[in-house]
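What you are looking at is a predicted structure, and each value in this text was computed from that prediction instead of being measured.
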Amino acid sequence: MAAELNAAPADDRLHFYDVALHSRLLVGTALYPSPAILAEALSASGAEVVTVSLRREAGGGRAGESFWGLIRAQNLRVLPNTAGCRTVKEAVATAQMARELFATPWIKLEVIGEEDTLQPDVFGLVEAAKILCAEGFEVFPYMTEDLVVAEKLLDAGCRVLMPWGSPIGSGRGLNNLFGLRALRAHFPGVPLVIDAGLGAPSQAAQAFELGYDAVLLNTAIARAGDPVAMARAFKAACEAGRGAFLAQTIEPRDMAAPSTPVLGKAFT
């Protein structure tokens, strides 16, 4: 089973809704000090997919045209986001507008249920996912690490799941390792993306070592002292973590295991 799980296709590309990608790092486009730094950071990250909030980026006008020019120049795929939506009706309407503006069936679906942690409203999330999948959207749901919610989202038509690592922008990393391991084990064939809460490249590497397929982050790069250098560091961490998973790390032990055994060796 472990060998099957770790076996990678020859080119080890990531697949979202039949779209093949080389990079396993998805990057947000908000909070950067300037458009120039955003462009440089995106290039340094190697990302092929960027998230865009309909509420932050205008579809037209000077601001929208400038942003779109930046994205087009880097040849990036856009994943629109229903960030900030609190109800099913609001999320569905935002997704429909995003499809028109950004010309893509992809939508990162957020239905926020709690203000302090920005925890998803999983009941509203499932309801909205059913509506959008029925309308032909390819939904990337932002969810908790709940197994029941995951099953219902897959039944609704989602083919990708995006559990949080910890609250958005918190930088706390992977708060519930047991839950995330369980999610990976229960759905070995489903692309799983850690979305939200990563603050350091080491945390991204840890997500890949658990067997997750990709990570999505924004604040950790955009608010770093040097966003471009941080983007480059996250790119390296994602590659290292994925490589470690495929190479199969050793099992932890309670006792020491000498790397140079002396049992049965002659002494002088």
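- Aromatic ring centres of Phe245 and Tyr212 lie farther apart than the 6.0 Å criterion allows.
- Of the candidates Leu26, Asn75, Leu25, Leu21, Leu21 is the only one forming a side-chain contact (heavy atoms from CB on, under 4.5 Å) with Glu48.
- In the model, Glu40 has no side-chain atom that pairs as donor or acceptor with a side-chain atom of Ser43 under 3.5 Å.
- Considering all non-hydrogen atoms of both residues, Trp106 and Val49 come closest at CZ3-CG2, 4.1 Å.
- With sequence neighbours excluded, no residue forms a ring pair (Phe, Tyr, Trp, His ring centres under 6.0 Å) with Tyr32.
- A distance-only check finds a donor-acceptor pair linking the side chain of Asp213 to the backbone of Leu192 [under 3.5 Å].
- Pairs engaging residues 249-258 under the salt bridge (charged side-chain N to carboxylate O under 4.0 Å, His left out) rule: none recorded [sequence neighbours left out].
- For Arg24 and Phe208, the positive end is not near the middle of the six-membered ring at less than 6.0 Å and at most 45° from its axis.
- The structure places CZ of Phe187 at 9.5 Å from CG of Leu153, a figure rounded to the nearest 0.5 Å.
- In this structure, the side chain of Thr29 engages the main chain of Thr51 through a donor-acceptor pair within 3.5 Å.
- Interatomic distance, CD1 of Ile112 versus CG of Asp121, reported as 9.0 Å (0.5 Å rounding).
- Here the CD atom belonging to Gln203 is positioned 10.0 Å from the CZ atom belonging to Arg172, to the nearest 0.5 angstrom.
- Among all heavy-atom pairs drawn from Leu198 and Gly173, the shortest one is CD2-CA, 4.2 Å.
- Scanning both residues, Ala222 and Ala30, for their nearest heavy atoms gives CB-O, 3.4 Å.
- Contact check on Lys130 versus Asp155 returns no salt bridge, with no Lys/Arg side-chain nitrogen under 4.0 Å from an Asp/Glu carboxylate oxygen.
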